[in-house]
J.: 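Have a look at this one.
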Amino acid sequence: MDRAKDVRNDRSIKGGSSFLSLDSATLAAQVGDKAGWLAEQIREAVNTGHLAAGERLPPSRVLATELGVSRGIITDAYTRLADAGLVAALGRGGTVVCGGPSAVRPTPKNAARIPTPDPFGSTADFETLRAAPCRIDLSPGVPDVRSFPRAAWLRAERTVLSTAQLTDLAYGQAQGALPLRTAISRWVARTRGITCLPDDVIVVAGVAQALSLLAHLLKANGADTVAVEDPGSLGARQQLNAWGIRTPAIPVDEDGLDVDALQRHGAAAVMVTPAHQFPTGVVLTGQRRVELLEWARNGNLVIEDDYDAEHRYDRRPVPALAADEPESVYYMGSVSKILAPALRIGWIIAPRSMTAAIVDLKRDTDLGNATVPQLSLAHLMNTGDLERHLRTMRSRHRRRRDVMIGAVQERIPHAVIVGAAAGLHLTILLPDGLDDTTVAAQCLQAGVKLHPLSWHRQCPGPPGLVLGYAASTEADITKGIDAVARAAAE
């Protein structure tokens, strides 16, 4: 017996192919029509949905070798399936499935109708709102992903893949790829005034993971409270709550976080958005900044979400809090609003006393972010492509913001606009007596998606709407504000 026959027989004894878990021993035991048996197995897989429309079947030569049969049996089975309209031969494109079970399941008689989820019901539901269909999305925090710099990113990836060392394609450092940490340290020094070393930077999957790592670390050290701004990000608050962290409210006024109220509360940690407060858009004033950093130096922790710091139009940038007090500030940033949330790349610059523990948590969580996207982002930062993209987007966002301001002033003259000098959203305050969740729900029914300001409050306050403008065209922004005006007038 020659070697090829030995291998074929050995396969039959062990049984099978990875394709549909076909058993070569069962096929060999078929008396007579082996092609018919194989065609029936594939037909059943198509009908049950194990093979979906568009999926390729294995090449006949490959499957014949795996099952230890002649290629003619495989081609005969494929031909029968093609004659039945279940597969189609596309030449070099292979043989693909073109039939399958109905995409719509029949509804049983007297079946209860499942109600459409209401994101503005008794509990604010971000995921339901995000999934809701709409004509115009004016949600805050949504960047213009249509403007993602695809050509620059492809150039960066090609460069990375053509120059990558073997170690770059192995498991990387949990703290993040050194080239990206180096690029980030230069970026924050240049744009945010933060002086740090690459070893001070921890690469994470966005601000969401930065918060989860911090929550775990706080809980491990017996702390369960992070004070938050009010109004402030509902999403951040819900994330901290999900990890068992309490989030008492500290009021925000026209000067930013009320530090006196923070001191009276007694919390040992606070989360702030000082560069462009979400959702009011106010900037932490110089006096409040001094007070907050003095509070931090007394053994407390400031968690700085550098929200929208890169997007500014009518004012000079303010340095990050971490630039003045690195040993008391847990700084979080990301490229979600600069490039795209799908990249899932952000960073932490923590007090050095916390860095090792955070890196250990990151390692235990996921062994670190994917390396190739990190190296691609580092290339964009080092070549200036990221800065060029940001300059382009600032100009575009300014135009869209101006269109939204003009539309609000014309169509909703009784609304008060706040927070328009920077960021990717603005907030409008509505007259007392209006229910902003009702207005938001009516807008969604009209195909326009936005946030009621009350979603982001823990304490009572005037009604309002939080309106994003980055992801919509100027024409759609005008149409969206028309819908808001109609809903607010009803």
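Hydrogens, waters and symmetry mates are skipped; everything else that's a heavy atom, side chains included, is used.
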J.: Heavy atoms only: give me the nearest Ala470-Pro143 pair and the separation to one decimal.
T.: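 Where Ala470 meets Pro143 most closely, the heavy atoms are CB-CA, 4.3 Å.
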J.: Side chains of Ser454 and Asp436: any donor to acceptor distance under 3.5 Å?
T.: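 Yes - a donor-acceptor pair under 3.5 Å links their side chains.
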J.: Quick check: does any side chain N or O of Asp306 sit under 3.5 Å from a backbone N or O of Gly333, one acting as donor and the other as acceptor?
T.: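 Not a single qualifying donor-acceptor pair exists.
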J.: Indicate yes or no: does Arg155 engage Asp385 in a salt bridge with an N to O separation below 4.0 Å.
T.: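 Yes, this pair counts.
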J.: Say whether, by atom type as modelled, one donor and one acceptor occur between the side chain of Thr225 and the main chain of Ala267 under 3.5 angstrom.
T.: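 Such a contact is absent between Thr225 side chain and Ala267 backbone.
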J.: Could you work out, with ring pair (Phe, Tyr, Trp, His ring centres under 6.0 Å) as the rule, every residue matching Phe278, not counting sequence neighbours?
T.: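 Per chain and number, Phe278 pairs via ring pair (Phe, Tyr, Trp, His ring centres under 6.0 Å) with Tyr307, His425, His456.
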J.: For a 4.5 angstrom cut-off between non-hydrogen side-chain atoms, does Val228 reach Val270?
T.: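 In short, these two side chains do not touch, never coming nearer than 4.5 Å.
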J.: Would you say Ile358 and Val204 make side-chain contact, with heavy atoms under 4.5 Å?
T.: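 Sidechains of Val204 and Ile358: no contact.
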J.: Provide the full list of side chain to side chain donor-acceptor pair (under 3.5 Å) pairs with a residue in residues 410-423, sequence neighbours left out, each pair given once.
T.: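 Sorted pair list: Arg411-Asp482.
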J.: Would you check if the side chain of Ser185 reaches a backbone N or O of Thr182 as a donor-acceptor pair within less than 3.5 Å?
T.: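 Yes; judged by distance alone, with no hydrogens or angles, the pair exists.
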J.: Strictly by modelled atom types, are Ser395 and Arg399 linked by a side-chain donor-acceptor pair under 3.5 Å?
T.: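 Yes, side-chain donor-acceptor contact under 3.5 Å.
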J.: Does Thr427 form a side-chain contact (heavy atoms from CB on, under 4.5 Å) with Leu453? I'd like the steps, not just the answer.
T.: CA-CA 8 Å; Thr427 295; Leu453 178 58; 4.3 Å; yes
J.: Would a distance-only check, ignoring hydrogens and angles, find a side-chain to backbone donor-acceptor pair under 3.5 Å from His389 to Leu380?
T.: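 No, His389 side chain to Leu380 backbone: no donor-acceptor pair under 3.5 Å.
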J.: Just by distance, do the side chain of Ser139 and the backbone of Val142 share a donor-acceptor pair under 3.5 Å?
T.: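 Flag not set: sc Ser139 to bb Val142 has no pair under 3.5 Å.
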J.: Under a 3.5 Å distance rule, please check whether His451 uses its side chain to pair with a backbone N or O of Val466 as donor and acceptor.
T.: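 No.
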J.: With distance as the sole criterion, is a donor-acceptor pair present between the side chains of Ser212 and Gln239 under 3.5 Å?
T.: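 Judged by distance alone, the side chains do not pair up.
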J.: Is the backbone N or O of Ala370 less than 3.5 Å from a side-chain atom of Gln374, with the two atoms forming a donor-acceptor pair by type?
T.: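 Looks like yes, one N/O pair under 3.5 Å.
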J.: What distance separates Leu343 CG from Ser336 OG, expressed to the nearest 0.5 Å?
T.: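 With rounding to 0.5 Å, CG (Leu343) is 7.5 Å from OG (Ser336).
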J.: In the structure I gave you, are the side-chain heavy atoms of Val439 and Leu465 within less than 4.5 Å of one another anywhere?
T.: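 They are in side-chain contact.
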J.: Tell me, with the steps shown, if Arg264 and Asp260 meet salt bridge (Lys or Arg N to Asp or Glu O under 4.0 Å).
T.: CA-CA 6 Å; Arg264 289 194 299 270; Asp260 286 341; 5.1 Å; no
J.: Report the distance from atom CG of Asn369 to atom CD1 of Ile202, rounding to the nearest 0.5 Å.
T.: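 Those atoms lie 11.5 Å apart.
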J.: Would you say the side-chain atoms of Arg192 pair up with the backbone N or O of Ala323, donor to acceptor, closer than 3.5 Å?
T.: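 No.
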J.: Tell me, with the steps shown, if Ser472 and Arg400 meet side-chain hydrogen bond (donor to acceptor under 3.5 Å, both in side chains).
T.: CA-CA 8 Å; Ser472 298; Arg400 292 175 179 177; over 6 Å; no
J.: Are any non-hydrogen side-chain atoms of Asp230 and Ile250 less than 4.5 angstrom apart?
T.: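 Contact flag for Asp230/Ile250 side chains = no.
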J.: Under 3.5 Å, is there a donor-acceptor pair linking the side chains of Arg237 and Thr247?
T.: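 No.
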J.: Can you establish whether the number of heavy atoms outside Arg56 located under 6.0 Å from its atom CZ is more than 12?
T.: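 Open: at most 12 neighbouring heavy atoms sit under 6.0 Å from CZ of Arg56.
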J.: Can we call the ring centroids of Trp347 and Tyr331 under 6.0 Å apart?
T.: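 Trp347 vs Tyr331: aromatic centres not under 6.0 Å.
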J.: Answer yes or no: is there a side-chain heavy-atom contact under 4.5 Å between Gln175 and Arg181?
T.: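 Of all side-chain heavy-atom pairs linking Arg181 with Gln175, at least one is under 4.5 Å.
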J.: Nearest 0.5 Å please: distance from the CG atom of Asp364 over to the NE2 atom of His216.
T.: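 Here the interatomic distance stands at 10.0 Å.
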J.: Can you tell me how far CD1 of Ile412 sits from CD1 of Ile428, rounded to the nearest 0.5 angstrom?
T.: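 Rounded to the nearest 0.5 Å, the CD1-CD1 separation comes to 4.5 Å.
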J.: Is a side-chain donor or acceptor of Arg457 paired with a backbone partner of Gly232 at a separation under 3.5 angstrom?
T.: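 Not a single qualifying donor-acceptor pair exists.
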J.: Is there a donor-acceptor pair under 3.5 Å between the side chain of Gln277 and the backbone N or O of Pro231?
T.: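 A pair under 3.5 Å: yes.
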J.: Would you say the side chain of Leu86 lies within less than 4.5 Å of the side chain of Val97, judging by non-hydrogen atoms?
T.: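 A side-chain contact under 4.5 Å is absent here.
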J.: Between atom CG of Leu81 and atom CG of Leu51, what is the distance when rounded to the nearest 0.5 Å?
T.: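 So the CG of Leu81 and the CG of Leu51 are separated by 10.0 Å.
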J.: Quick one: are Val283 and Asp255 in side-chain contact, heavy atoms under 4.5 Å?
T.: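 Val283 does not reach Asp255 side chain to side chain.
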J.: Measure the spacing between CE of Met393 and CG of Leu339 and express it to the nearest 0.5 Å.
T.: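 Reported to 0.5 Å precision, the distance equals 9.5 Å.
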J.: Answer whether the closest heavy-atom distance between the side chains of Pro274 and Arg289 falls below 4.5 Å.
T.: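 No, every pair of side-chain atoms sits at 4.5 Å or beyond.
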J.: Does the pair Asp402/Arg398 count as a salt bridge with the N-to-O cut at 4.0 Å?
T.: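 Between Arg398 and Asp402 there is no salt bridge, as every charged N stays at least 4.0 Å from the carboxylate O atoms.
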J.: Before giving the answer on side-chain contact (heavy atoms from CB on, under 4.5 Å), spell out for Arg135 and Val448 the whole-Å C-alpha distance, their side-chain angles and the decisive distance to 0.1 Å.
T.: CA-CA 6 Å; Arg135 294 182 297 109; Val448 178; 4.2 Å; yes
J.: What I want to find out is whether Arg288 reaches Asp253 closely enough, with some N-O distance under 4.0 Å, to be called a salt bridge.
T.: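 Yes, Arg288 and Asp253 are salt-bridged.
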J.: Would you name the heavy atoms of Cys134 and Gly447 that are closest together and state the gap between them?
T.: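 It is CB-O, 3.4 Å.
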